[in-house]
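Down below is the structure, laid out as structure tokens.
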Amino acid sequence: MTDHSLYERLGGVFSIAAVVDHFSDAIVTNPIVGQGSKNPALREWHTNSLDRLPGLKFMRTLWVCTVAGGPLQYSATKPGATPLGLEEAHRQFRISPEEFDEVAAELGRSLDGAGVPEREKGEVLAAFAAHKGEVTEGSMAAAAR
């Protein structure tokens with residue numbers, strides 16, 4: 001007997017989209033990475049670019065579907081070094097490792113709120129964490145100057 005994919009165990013696109021919707025809204029109001037962030041680029045985006053949030057939710061949903069082994073495929077609007085690479089889309093935000101960790105914590109809270117079991121939550125968070133270096137590349141480059 002084969003195990004179901006993470007995509008199937010999460011409940012498919014509708015369940016994933018519900019988590020992404022909650023997660024995306026929670027980030028906007030998160031004091032560390034949202035509208036009250038000390039990071040001026042994150043604060044600016046979460047204050048003045050919310051008209052882009054529906055599209056971002058869509059892209060995030062596709063990304064999770066892809067990393068979870070689902071039939072929907074993510075295609076980067078700003079391709080990175082790999083098909084799922086996120087460095088170019090995040091470079092201008094100069095996201096620090098600590099800010100990345102807060103976004104991961106927010107994702108964990110959204111998964112908890114949706115009742116996602118620990119096994120699946122761990123797999124989603126591991127897939128997310130695998131891209132920490134890409135997402136924080138902008139802050140690392142700025143720090144090296």
Side-chain angles (χ1 to χ4, degrees), residues 5-7 9-145:
S5 70
L6 176 58
Y7 174 85
R9 289 182 281 125
L10 288 170
V13 66
F14 295 104
S15 297
I16 291 169
V19 170
V20 168
D21 184 60
H22 181 274
F23 162 70
S24 298
D25 290 343
I27 289 175
V28 170
T29 59
N30 182 291
I32 297 169
V33 295
Q35 292 171 332
S37 178
K38 291 178 184 175
N39 177 326
L42 290 176
R43 186 174 59 246
E44 168 73 20
W45 198 97
H46 289 107
T47 303
N48 297 320
S49 297
L50 292 180
D51 59 324
R52 296 180 54 108
L53 190 57
L56 183 57
K57 288 178 180 183
F58 175 72
M59 296 300 292
R60 287 175 174 163
T61 298
L62 288 176
W63 191 88
V64 174
C65 288
T66 299
V67 300
L72 302 172
Q73 294 301 303
Y74 169 81
S75 179
T77 55
K78 292 183 179 181
T82 68
L84 295 179
L86 302 173
E87 64 273 20
E88 295 308 323
H90 293 85
R91 186 178 308 281
Q92 78 270 15
F93 296 111
R94 296 185 175 178
I95 297 168
S96 71
E98 296 77 21
E99 290 164 338
F100 181 93
D101 292 344
E102 180 58 26
V103 172
E106 198 66 74
L107 177 56
R109 290 187 286 272
S110 293
L111 292 163
D112 286 341
V116 173
E118 285 300 314
R119 174 184 173 198
E120 287 75 15
K121 175 185 172 184
E123 290 178 46
V124 170
L125 292 175
F128 187 79
H131 296 274
K132 184 175 183 174
E134 297 164 16
V135 173
T136 61
E137 194 173 288
S139 74
M140 298 295 113
R145 289 185 211 162

Output all residues satisfying salt bridge (charged side-chain N to carboxylate O under 4.0 Å, His left out) with [X], sequence neighbours left out; order by chain, then residue number.
X: R9; result: E120, E123
X: E87; result: none
X: R94; result: none
X: R52; result: none

Return all side-chain donor-acceptor pairs below 3.5 angstrom for residues 132-140, not counting sequence neighbours, or 'none' if the list is empty.
from	atom 1	to	atom 2	distance (Å)
K132	NZ	D101	OD1	2.7
K132	NZ	D101	OD2	3.3
E134	OE1	L86	N	2.9
E134	OE1	H131	ND1	3.0
E134	OE2	H131	ND1	3.2
T136	OG1	K132	O	2.8
E137	OE2	R91	NH1	3.1
E137	OE2	R91	NH2	2.8
S139	OG	I95	O	2.9
S139	OG	T136	O	3.0

Between [atom1] on residue [X] and [atom2] on residue [Y], distance to nearest 0.5 Å:
X: H46; Y: S37; atom1: NE2; atom2: OG; answer: 8.5 Å
X: T47; Y: L42; atom1: OG1; atom2: CG; answer: 10.0 Å
X: D25; Y: T29; atom1: CG; atom2: OG1; answer: 8.0 Å
X: N30; Y: E106; atom1: CG; atom2: CD; answer: 5.0 Å
X: S110; Y: I27; atom1: OG; atom2: CD1; answer: 7.5 Å

Side chains of V116 and V124 in contact at under 4.5 Å (non-hydrogen atoms): no
Within-4.5 Å side-chain heavy-atom neighbours: F128 and V64: no
Check: L72 main-chain N/O paired with T66 side-chain donor or acceptor under 3.5 Å: yes
Side-chain donor or acceptor of E88 paired with backbone N/O of P79 under 3.5 Å: no
Where at least one partner belongs to residues 29-38, residue pairs that pass salt bridge (charged side-chain N to carboxylate O under 4.0 Å, His left out), sequence neighbours excluded: none
Mind checking what makes side-chain hydrogen bond (donor to acceptor under 3.5 Å, both in side chains) contact with [X], not counting sequence neighbours?
X: S5; answer: E8
X: R43; answer: none
X: Q92; answer: none

Set of side-chain contact (heavy atoms from CB on, under 4.5 Å) partners for A41, sequence neighbours left out: N39, F93
Exercise: identify the closest heavy-atom pair between L56 and W45: CD2-CH2, 3.7 Å
Which atom of P83 lies closest to which atom of A76, heavy atoms considered: O-CB, 4.4 Å
Solution key, residues 10-21 side-chain donor-acceptor pairs under 3.5 Å, sequence neighbours excluded:
from	atom 1	to	atom 2	distance (Å)
D21	OD1	K57	NZ	2.6

Side chain to side chain contact (heavy atoms under 4.5 Å, CB included) between D112 and E118, worked out: CA-CA 9 Å; D112 286 341; E118 285 300 314; 4.2 Å; yes
By ring-ring contact (aromatic ring centres under 6.0 Å, His included) - contacts of Y7 (at least two apart): none
